[in-house]
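So that the names make sense, note that chain A is the first sequence line, chain B the second, and so on, each numbered from 1.
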Amino acid sequence: MSILVNKNTKLIVQGITGRDGSFHTAKMKEYGTNIVAGVSPGKGGQTVLDIPVFNTVEDAVKATGANTSIIFVPAPLAGDAILEAGNAGLELVICISEGVPTLDMIKATNYLKKKGVKLIGANCPGLITPGEALVGILPADIFKKGNVGLMSRSGTLTYLMVSLLTNAGLGQSTCVGIGGDPVAGLYFQELLQMFEDDPETEAIVLIGEIGGDAEERAAQYIKEHITKPVVAFIAGQTAPPGKRMGHAGAIISSGSGTAAEKIAAFEAVGVSVASVPMEIPDLIKQKMK
Amino acid sequence: MSILVNKNTKLIVQGITGRDGSFHTAKMKEYGTNIVAGVSPGKGGQTVLDIPVFNTVEDAVKATGANTSIIFVPAPLAGDAILEAGNAGLELVICISEGVPTLDMIKATNYLKKKGVKLIGANCPGLITPGEALVGILPADIFKKGNVGLMSRSGTLTYLMVSLLTNAGLGQSTCVGIGGDPVAGLYFQELLQMFEDDPETEAIVLIGEIGGDAEERAAQYIKEHITKPVVAFIAGQTAPPGKRMGHAGAIISSGSGTAAEKIAAFEAVGVSVASVPMEIPDLIKQKMK
Amino acid sequence: MKIHEFQSKEIFSRYSIPVTAEKVCYTTDEVLSAVQSLGMPVVIKAQVHAGGRGKAGGVKLAKTIEEAREAANKILGMDIKGYTVKKVLVAQGVKFNAEFYVGLTIDRNSKTVVFMASSEGGVEIEEVAKENPAAIHKFSIDPDLGMTSFLARKIAFKLFSDFSLVKQAVDLFQKLYQIFMDTDASLVEINPLVITDEGKLLALDAKMNFDDNAMYRQSAIEKLNEPTEDEKKEISAKESGLTYIRLDGSIGCMVNGAGLAMATMDVIKHFGGSPANFLDIGGSSNPQKVIEAMNLLLADKNVKVIMINIFGGITRCDDVARGLIVALDEMKVDIPIVIRLSGTNAEEGLRIIAERNLPTVNSLSDAAQLAIKLCENCSEN
Amino acid sequence: MKIHEFQSKEIFSRYSIPVTAEKVCYTTDEVLSAVQSLGMPVVIKAQVHAGGRGKAGGVKLAKTIEEAREAANKILGMDIKGYTVKKVLVAQGVKFNAEFYVGLTIDRNSKTVVFMASSEGGVEIEEVAKENPAAIHKFSIDPDLGMTSFLARKIAFKLFSDFSLVKQAVDLFQKLYQIFMDTDASLVEINPLVITDEGKLLALDAKMNFDDNAMYRQSAIEKLNEPTEDEKKEISAKESGLTYIRLDGSIGCMVNGAGLAMATMDVIKHFGGSPANFLDIGGSSNPQKVIEAMNLLLADKNVKVIMINIFGGITRCDDVARGLIVALDEMKVDIPIVIRLSGTNAEEGLRIIAERNLPTVNSLSDAAQLAIKLCENCSEN
């Protein structure tokens, strides 16, 4: 088991002929992900790495029976690409593109929710189920199959965390980067529930950051619905207020969204919060005893 | 039994302080319909015929637990009134207003469908379950409780038909005027299914008219899903092509929507079609034997 | 409501949709001066609110000044399906190598705006629809999304394989949808949409109809309305709350409700008579309406007998009766009248009518048969 | 991106939202001439991209020319939270009898635009939110419907009982939503919205922020951008694919990824050090980026030691190492550098670094502790 992606994933790559799209298609394929088609308007009929390219997602789905799509198109086109994927009968859409306008994301998340299609991102590194499928831009060789589920608002911080876990002998069931934008697809709650329901996951690592109230809502959800152990780290504990730290989500303002508030919310519901990432493996081991 | 409205209907009147709204509120109340509230922005706190008036549908629903609304507001405001009703947690909305722009109706029907709220109209006379509830502008005294379900795209033609039925001793379970606009709420199919499922209804009268393909689709639906006897009349058998006969729906163009085509479609699925309204009672009696 | 090709193209131009260089002309002299500035060849096209103008000879190609003069003389003043041609559009001739059809309209079934596209452009689309329905691609437009780029692309790939044309088409289709929504249209059509020798998409023709119910918020569109004399009567009737359509028969009908009015016509024909009109006096009680309705009927010299069929609901029969009495007092009515009143306040209405010794009947069948009989008697006079 | 009050009000005016009569002035003379045309009294307001200008003395009421001169002299050139006041808005004084707050922003939770309204206007809304959250009404706007009349009415009835005000508010709220959508705003705010003595709603102040990600399609808005010197550095860094924010500490950080960059700062502080900046070199491999990042760090005189923390993913460690070597060749670097490389091509990167005898460390903890130690040594010099 695992969540969201696995051996049965049949993946489409939207933007497969672009620089990033083709590079990561190669990486994903190398990892063993079942990539069945690419989409690039005007390039239908070509192939990339022996993968057939179609003009539209609909054509690609009809020809291949794909159930998942990953999006690498430039930000101004990403909103439309998500809508196209949502319209084509897929189950899961992952948008890697960075810099998508918020109003486009409101339209896209609303539409995919109505259609019952799961969305991850935009502005995220994707996800991996070690040993089964890599659907994203995460560096594959740091992951190890195991029983820790990980979800994160950050990319490279996830990699740091994963290598700490792997070095400590803690493998992962599935690792998901949910992205740092103000309006995005799946959030902590939905993923917490999926990990709760996944028999392979025994403990959950949640990597949050300053800004927004996603962590506070996650804490509330954990209190009400999650029985598995959860440990957390919040990046930006020392960031000055009012500054945008790279992620659109990472802004502290109006006295909400600070690391202190998030940490307090987690500790109030029994989630151990690490003060630095290196503490995470030990915290998990304590919890899993 | 019956369909859509009955003794349990708790009705709101949107536009209760207007000329038509107040007139028909009196008529409906007189008939025994349970009218629990009126809505008229800016007139919240007043009463009309001892019925409390609210500023918003939401307020009215919260205060009274209403489940149905009837709309009498001017056409330019009707689209918004339907959205408001659909947003407020009602089960059924009837829009009487005539002349609502089609694009407003597209927005409204789409929204109510998403919300799971049933809509009848716009540009319709409403409906009646004789002896239980009148929700519309139909002349109450021609109706008689019984076992014929009636649905119609036309208003006064319905009254003619009903008096023919009543005079022939054929009472009605529920009579619904679906309206004649190009884009409207419930259509023949949905109502056919409701009458099929209603134990009190033993035969169904369908009154169509030229224009569109609602009757053709109804015929197809009858063939596939309806076991109860259905008889029909199509108004406009002698209308010249290309002319708009009052109802926006009643246009014959492009060789589709003619009475001849509709009659053929019905006869092909075993529905008897009357050449003039007076033939309907006998046709029903034959079918009900 | 309909507008002319040239008006539709003016709207297209405002949205940067490429159309032919062209000029509207009202006289042959204007045509010749337009030809000077546009250059040869030109296409001269009648601007009337009727379909099938091509078949009727209302569209002509002119390669010389002389041909242009001849065409202008022939088309200006021509009658097309009852419409007199008062203006022509002189359009620059364009070389092209393929013709397509694209159009937007309302779909009652899906309750959305639908986009239709076909590679079989340049011919009457109704013919294509009949003979080869598979050649017309139809796409329902989700009202929450509008014409997204991906949908426009999907449609464009059905028509074009060249990606440069696909990109032009995506832009064009999104603009057409925007026009449809912005103007409360009921139809927006380009037939044919062509590919010029330079590889550009171009709207060679354009057609737009509008939702009459929305004209209150589309004053710029409403100004383009050019009703015929018959339509003017219908419009003036509508302003009084009446819907009036003149037909060819001899029995003038006054009915409340469109469905009942059509059924009344059906019943008249069923018994062998012929209705002179469709006249729906609508839903609310107002004696003045009845007077205006009577005026409309009496103004039609074909009307030999008047048949009134009222089913009281919102309309109250006593109001109709009173209006009728006032009308009869005001105007000289020398043709027979058959009256059927039923429903709300019918008894009071019948009483008022009876005071004037006007004939009333109980059923619609009786009313129709009596009217036909009286009409035959009239004709004998 | 932020714009000034006067610019927000110019946008409001284009949508016919009533604002005070006013004029932007850059000098005291301009203020005095504005006062002449506007009449007394006036309110003179600093136009800076910082909150709390009222508390800082940046807003003054003037009842006489002399007061206006005094206020202008005081405010122009004033420093508000690091921003120098270069212009003021001179607004006609208005008599009003109630103050409200209305604002639109993005709600991460419902993934919609939300409308906020409160009867407690004229004060800092953050204070109201803390002390009396029930006084702020919040309404999620369905993206498929937009700001419908019924929703606008529902909100308006929360603030007003007078129906004339409700009607004005409905119009105002729908326009504000339209502005929000049309301009890709992230915040649109009126505080206070007042009722004038004539019973009219009027925007006394206005605030707008925008979505940086959408500025590519909002060129008219983007032109209004007035970055500070620090912001200019951040913008120029962003153009190179870097996100740079200067802070007060002494350890210059270069990290790939925002989350890792923040975590690196957290680890530095955890061990007792202080970061000089947030610097995210982003996701793709490019030696040139590393050079530019080094330049940014070296330009900051507070930086006593540089700590590089790269986790290779898309970013390849050998590229970072090569960029670093080029940078070191090009520029004189006389402060210590601590380097941690991990992930994609880390071994190759470490080999390149080792050739230059630069210190590398294995873990982030070690890196932070070494940087802090080196920094303390520097300070002693």
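- Between D:His270 and A:Met278, every side-chain heavy-atom pair lies at or beyond the 4.5 Å cut-off.
- One finds the OG1 atom of A:Thr238 at 8.0 Å from the CD1 atom of D:Ile268 (value rounded to the nearest 0.5 Å).
- Atom CG of A:Asp104 is separated from atom CG of D:Asn213 by 9.5 Å, given to the nearest 0.5 angstrom.
- In this structure, the portion of D:Thr112 lying under 4.5 Å from any heavy atom of chain A is its backbone and not its side chain.
- Between the D:Asp266 side chain and the A:Ala235 main chain, no donor and acceptor come within less than 3.5 Å of each other.
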Inset, instruction - Starting from the C-alpha separation in whole Å, work towards a yes-or-no answer on side chain to side chain contact (heavy atoms under 4.5 Å, CB included) for A:Arg217 and D:Asn109. - result: CA-CA 9 Å; A:Arg217 285 186 281 132; D:Asn109 194 355; 2.7 Å; yes
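- Neither the backbone nor the side chain of D:Met215 comes within contact range of chain A, judged by heavy atoms closer than 4.5 Å.
- Within the 4.5 Å cutoff, the side chain of A:Val183 has no heavy atoms near those of the D:Arg108 side chain.
- Checking side-chain atoms of D:Lys111 against main-chain N and O of A:Gly185 turns up a donor-acceptor pair under 3.5 Å.
- Side-chain atoms of A:Tyr159 and D:Leu260, non-hydrogen and from C-beta on, never get closer than 4.5 Å to each other.
- For D:Asp144 and A:Asn110, the side-chain atoms include at least one donor-acceptor pair closer than 3.5 Å.
- Residues A:Tyr111 and D:Pro143 fail the side-chain proximity criterion, which asks for heavy atoms closer than 4.5 Å.
- Heavy atoms closer than 4.5 Å to chain A are found in both the backbone and the side chain of D:Leu364.
- A:Thr102 and D:Asp211 share a side-chain donor-acceptor pair at under 3.5 Å.
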Legend entry - Residues A:Thr156, D:Asn256; criterion side-chain hydrogen bond (donor to acceptor under 3.5 Å, both in side chains); working and verdict: CA-CA 7 Å; A:Thr156 46; D:Asn256 65 324; 4.7 Å; no
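- One finds the CE atom of D:Met262 at 8.0 Å from the CZ atom of A:Arg153 (value rounded to the nearest 0.5 Å).
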